[in-house]
Amino acid sequence: MKKILIVDDEPNIVMSLEYTFKKNNFEVFIARDGQEALDILKSTYPDVIILDVMMPMVDGYATLEQIKKDTNFKHTKVIFLSAKNKESDIQKGLSLGADAYLTKPFSVKKIVEQVNELL
């Protein structure tokens, strides 16, 4: 079973993505901020991480920088999902090593397609 970590501080987004990926036979892990995500990653190695940029405590960019330092995650795909939709935000996310950058509002179907493409 593929594992996915959803990192977002908006409960409605977390719920809709969790439901969708469970229905698609993923084991789903949830974090509400970057620090919680990093704590979960100490014991879990997801195939995909969906990461918001604007979150309390540790933001998505800083979280990705930490993930990229750890060789255990060199095969983990990271998708930013953010309301930050300026070209400079998208470029920053991709230059830090994200595999894709999707903007909110989003289509759940597109996210599932993107995850399946990366895997």
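Only a predicted model underlies this, so the values are computations on that prediction, with no experimental measurement involved. Position 1 is the first residue of the sequence, and the numbers go up from there.
Val58 and Leu41 fall into different hydrophobic clusters, where Ile, Leu, Val, Met, Phe, Trp and Tyr side chains are chained together by heavy-atom contacts under 4.5 Å. Note on Phe73 and Ile4: separate hydrophobic clusters, where clusters join Ile, Leu, Val, Met, Phe, Trp and Tyr whose side-chain heavy atoms are under 4.5 Å apart, directly or indirectly. Ile30 and Leu38 fall into different hydrophobic clusters, where Ile, Leu, Val, Met, Phe, Trp and Tyr are joined by side-chain heavy atoms under 4.5 Å apart, directly or via other members. When the side chains of ILVMFWY residues are joined at heavy-atom separations under 4.5 Å, either directly or via intervening members, Ile50 and Tyr19 end up in two distinct hydrophobic clusters. Hydrophobic cluster membership differs between Val7 and Met15, with clusters built from Ile, Leu, Val, Met, Phe, Trp and Tyr side chains linked at under 4.5 angstrom.
No donor-acceptor distance shorter than 3.5 angstrom exists from the side chain of Thr44 to the backbone of Pro46, with no hydrogens or angles considered. At least one donor-acceptor pair under 3.5 Å links the side chain of Asn116 to the backbone N or O of Val112. Looking at Tyr61, its side chain does come within 3.5 Å of a backbone N or O of Asp89 through a donor-acceptor pair. Put simply, the side chain of Gln114 never gets that close to the backbone of Lys110: no donor and acceptor are under 3.5 Å apart.
Between Gly60 and Leu51, the shortest heavy-atom contact is O-CD2, 3.5 Å. Summarising the geometry of Thr63 relative to Ala37, their closest heavy-atom pair is CG2-CB, 4.3 Å, with the distance given to 0.1 Å.
Taken from CE in Met55 to CG in Asp9, the straight-line distance is 7.0 Å, to the nearest 0.5 Å. The distance from the NZ atom of Lys84 to the CE atom of Met54 is 6.0 Å, given to the nearest 0.5 Å. Put simply, CG on Leu81 and CG on Leu17 are 6.5 Å apart, with the number rounded to the nearest 0.5 Å. The distance from atom CD1 of Ile40 to atom CD of Gln35, rounded to the nearest 0.5 Å, is 10.5 Å. In this structure, the separation between CG on Asp8 and CG on Asp33 is 11.0 Å, given to the nearest 0.5 Å. Distance check: Asp47 CG to Glu27 CD gives 10.0 Å after rounding to the nearest 0.5 Å.
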Side chain to side chain contact (heavy atoms under 4.5 Å, CB included) between Phe29 and Ile6, worked out:
CA-CA 6 Å; Phe29 298 87; Ile6 300 166; over 6 Å; no
### Message
Assess the residue pair Asp70 and Gln66 against the criterion (side chain to side chain donor-acceptor pair (under 3.5 Å)); give the C-alpha distance rounded to whole Å, side-chain angles, the decisive distance to 0.1 Å, and a yes or no.
### Response
CA-CA 7 Å; Asp70 188 331; Gln66 291 301 313; over 6 Å; no
Between Phe26 and Lys3, is a side chain to side chain contact (heavy atoms under 4.5 Å, CB included) present by the stated rule, with each step listed? CA-CA 5 Å; Phe26 277 80; Lys3 294 179 182 177; over 6 Å; no
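For the side chain to side chain contact (heavy atoms under 4.5 Å, CB included) criterion with Phe80, the lone passing option out of Leu64, Leu102, Asp52 is Leu64. Here the options are Val115, Val78, Thr76, the test is side chain to side chain contact (heavy atoms under 4.5 Å, CB included), and the partner is Asp99; only Val78 passes.
The side-chain heavy atoms of Ile79 and Ile111, taken from C-beta on, include no pair separated by under 4.5 Å. Between Lys2 and Asn25 there is no side-chain heavy-atom pair separated by less than 4.5 Å.
Taking a cutoff of 4.0 Å between a charged side-chain nitrogen and a carboxylate oxygen, Glu10 and Lys104 qualify as a salt bridge. Contact check on Lys69 versus Glu65 returns no salt bridge, with no Lys/Arg side-chain nitrogen under 4.0 Å from an Asp/Glu carboxylate oxygen.
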